[in-house]
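Right, one structure below, let's go through it.
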Amino acid sequence: MLDLKWILANLDDVRAAMAKRGAEVDLDRLVALDERRRKTIAEVEKLKAERNESSRKIGQMIKAGEDATPLRERVREIGERIKALDEELRGIEGEIRDLLLTIPNVPHESCPVGEDDSANRVERTWGEPRTFDFEVRDHVDIGEISGILDFERAARVTGARFVVLTGQGARLERALIQFMLDLHTELHGYREVLPPFIVNRKSLLGTGQLPKFEEDLFRVDPPGDWYLVPTAEVPVTNLHAGEILREEDLPLRYTAYTPCFRSEAGSYGKDVRGMIRQHQFDKVELVTFARPEESWDVLEQLTGHAEEALRRLELPYRVVTLSTGDLGFSAAKTYDIEVWLPSQGTYREISSCSNFLDFQARRANIRYRPAGGGKPRFVHTLNGSGLAVGRTLLAILENYQREDGTFEVPAVLRPYMESRL
RNA sequence: GGAGGGGUGGCCGAGUGGUUGAAGGCGGCGGUCUUGAAAACCGCUGCGGGGUCCCCCCCGCCGUGGGUUCGAAUCCCACCCCCUCCGCCA
């Protein structure tokens, strides 16, 4: 969420930013609501000051043995007016809050301006897509021939957009998770956490999935305000919700493996074949809490950490900067890392690394105390996939495929595929 | 699920109706002392909001939301969370 004061002081900038995103935001209503709000505050606080003053006087009168009944009556009336005004004020502030929660972040000036992903800017490309001297298969065929992917039985057990990994497939998924966690903890200095896979409504408000994107989530029935995690970003970022961190501890870096659950509402017909778009997939996430001054550097580092996983797996990829129209709700800037998929002859998203500035921190109330003392400030939060495990497995099958429809295991993963018993 | 205990400032911890935004301690910041550091001593040290706002004034905040009262951290109700014991259970 953006700072109300800042919005009001920079109305034109905010208007321009929303236009770049293609977002409809009623800023005029916000301005009107704020005026009403301040007017009501002035009124009710004047009455409260009067009540406090009179109550003090009543106390003194009673102590002095005087009759305070008339004054008491008057203060009682003031109290009733205060109650009414307070209620009105709560209503106005609620409306303002609801509105603020639906305003997306302001894109950073370095984001290319455009309506959709066609305006995304390619920053760099790594690796040379392999040339095949046979007809390439997609991961669905390779998975079937190798006997490690079973979409039919997954459909029987659950439904469409699920997969069963079996034998070496399950082991490869596990190896990838282990490899990525090892890489980020041992080499990149992240702290590993294993968070709950169910979160409450407040956490989803904190990171920005709610209130606008409820239809993307799976809600857990009995409690009503519990949801399956759509990404580890939610539980891990909210780890420090409401806290005041110490500046000395920043940047705080966490990595977490979780499955991710997405309803994929509105994506009917897209990527229906295979495991590109599933209701459940594994992901290793990177989350960083940073000082405001360092967050742009941290975004570069974090993106580099995700890239390192692909380099070690020797999978060709490119990094693109999302255009203003393609940017997620909470992000100020996002790099997507896209891996090469031979079957599609194109690069597909395998990681998304974003700087949210203080947008999430303000929603989730995550602050830090400056080292020299002073007022708490909002931290900057960042996160990125390091990487989406299912898509990585898929990319391995395709890029490491053999002519007979089987595949090779990347060298870096072989130790993880071997028995240690 | 049952019984009991508890949620107060960065942290610990007093406080059961009237200058208590809150004793005391720890931590932090500044100072005295010291060649330097430590110790000791002194001072300062919550968050948010409003006001013609860099001085100052005012309002709110003691888990959350209601209620009682002229006045609530203190009394009442509901809810949330934590702890202990019992039951159940992977």
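Just so you know, these numbers use all the heavy atoms, side chains as well, and skip hydrogens, waters and symmetry mates. Since the model is a prediction, treat every value here as computed from it, not as a measurement. Each chain gets a letter, A, B and so on, in the order its sequence line appears, and its residues count up from 1.
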If you compare every side-chain N and O of A:R51 against the phosphate oxygens of B:rC58 (OP1, OP2), does one of them come in below 4.0 Å? no
B:rU19 phosphate, OP1 or OP2: any side-chain N/O from A:K57 under 4.0 angstrom? no
When rounded to the nearest 0.5 angstrom, what is the spacing between CD in A:E233 and OG in A:S385? 9.5 Å
Show me, pair by pair, the donor-acceptor contacts under 3.5 angstrom made by side chains of residues 180-200 of chain A, not counting sequence neighbours?
unit_1, atom_1, unit_2, atom_2, d
A:D182, OD2, A:Y416, OH, 2.6
A:H184, ND1, A:H188, ND1, 3.1
A:H184, NE2, A:G386, O, 2.8
A:T185, OG1, A:L181, O, 2.7
A:T185, OG1, A:D182, O, 3.3
A:Y190, OH, A:H305, ND1, 2.8
A:N200, OD1, A:K202, N, 3.3
A:N200, OD1, A:S203, N, 3.0
A:N200, OD1, A:S203, OG, 3.2

Given atom CD1 of A:I366 and atom P of B:rG10, what is their separation to the nearest angstrom? 16 Å
Could you state the CD1-P distance from A:I244 to B:rG9, rounded to the nearest angstrom? 10 Å
Applying salt bridge (charged side-chain N to carboxylate O under 4.0 Å, His left out), which residue pairs with at least one partner in residues 360-376 of chain A are found, sequence neighbours left out? A:D358-A:R362
Strictly below 4.0 Å: does A:R56 bring a side-chain N or O up to OP1 or OP2 of B:rU19? no
Which pair of non-hydrogen atoms, one from A:V236 and one from A:F289, has the smallest distance, and what is that distance? O-CZ, 3.7 Å
Treating a pair as Watson-Crick (purine N1 to pyrimidine N3 plus N6-O4 or O6-N4) or G-U wobble (N1-O2 and O6-N3) with both distances under 3.5 Å, list the stems of 3 or more consecutive pairs that involve RNA chain B. B:1-7 with B:80-86, B:10-12 with B:24-26, B:27-32 with B:40-45, B:46-51 with B:56-61, B:63-67 with B:75-79
Whole angstrom is fine here: how far is it from OH in A:Y368 over to C1' in B:rG28? 16 Å
For a 4.5 angstrom cut-off between non-hydrogen side-chain atoms, does A:R74 reach A:S54? no
Residue pair A:E73/A:E53 against RNA chain B: nearer the 5' end by closest nucleotide is A:E53
What verdict does the side-chain hydrogen bond (donor to acceptor under 3.5 Å, both in side chains) test give for A:N120 and A:D326, after you've listed the backbone C-alpha separation in whole Å, the side-chain angles of each residue and the deciding distance to 0.1 Å? CA-CA 8 Å; A:N120 293 351; A:D326 204 23; 3.1 Å; yes
Main-chain N/O of A:V163 paired with A:Q278 side-chain donor or acceptor, under 3.5 Å: yes
So what does A:I78 touch, heavy atoms closer than 4.0 Å: a base, only the sugar-phosphate, or nothing? nothing
Nearest-Å distance for atom pair CD/P, residues A:E87 and B:rG65: 14 Å
Contacts satisfying salt bridge (charged side-chain N to carboxylate O under 4.0 Å, His left out) that involve residues 244-258 of chain A (not counting sequence neighbours) are A:R246-A:D249, A:E247-A:R291
Under 4.0 angstrom between A:N52 side-chain N/O and B:rC59 OP1 or OP2: yes
Please list, by residue number, the residues of residues 37-50 of chain A whose heavy atoms come closer than 4.0 Å to an atom of RNA chain B; answer none if no residue qualifies. A:R37, A:R38, A:I41, A:E45, A:K48, A:A49
Distance check, C1' atoms only: B:rG31 and B:rA14, in whole angstrom units. 29 Å
Both A:K63 and A:P376 contact RNA chain B. Taking the nearest nucleotide for each, which residue is further toward the 5' end? A:K63
Side chain of A:S323, backbone of A:V113: donor and acceptor closer than 3.5 Å? no
Spacing of A:E93 atom CD relative to B:rG50 atom P, expressed in whole Å: 9 Å
Roughly, in whole Å, what's the span from CG in A:N365 to C1' in B:rC61? 13 Å
Please confirm whether the shortest side-chain N or O distance from A:K375 to OP1 or OP2 of B:rG46 is below 4.0 Å. no
Nearest-nucleotide pick for A:K83, side chain only, options being B:rG67, B:rC47, B:rC70: B:rG67
Would A:S330 and A:Q360 count as having a side-chain donor-acceptor pair, cut-off 3.5 Å? no
Roughly how far apart, to the nearest Å, are B:rC70 and B:rG46 at atom P? 34 Å
If the glycosidic angle is within 90 degrees of 0 it's syn, otherwise anti, so just tell me which one B:rU45 is. anti
Spacing between A:E243 atom CD and B:rC11 atom C1', to the nearest angstrom: 13 Å
What's the CG-C1' distance between A:L89 and B:rC58, to the nearest Å? 15 Å
Expressed as a whole number of Å, how far does the P atom of B:rG67 sit from that of B:rU74? 14 Å
Integer angstrom distance from the P of B:rG51 to that of B:rU32: 42 Å
Counting only side-chain nitrogens and oxygens, does A:K202 get under 4.0 Å of the OP1 or OP2 atom of B:rC80? no
Residue pairs involving residues 17-39 of chain A (criterion ring-ring contact (aromatic ring centres under 6.0 Å, His included); sequence neighbours excluded): none
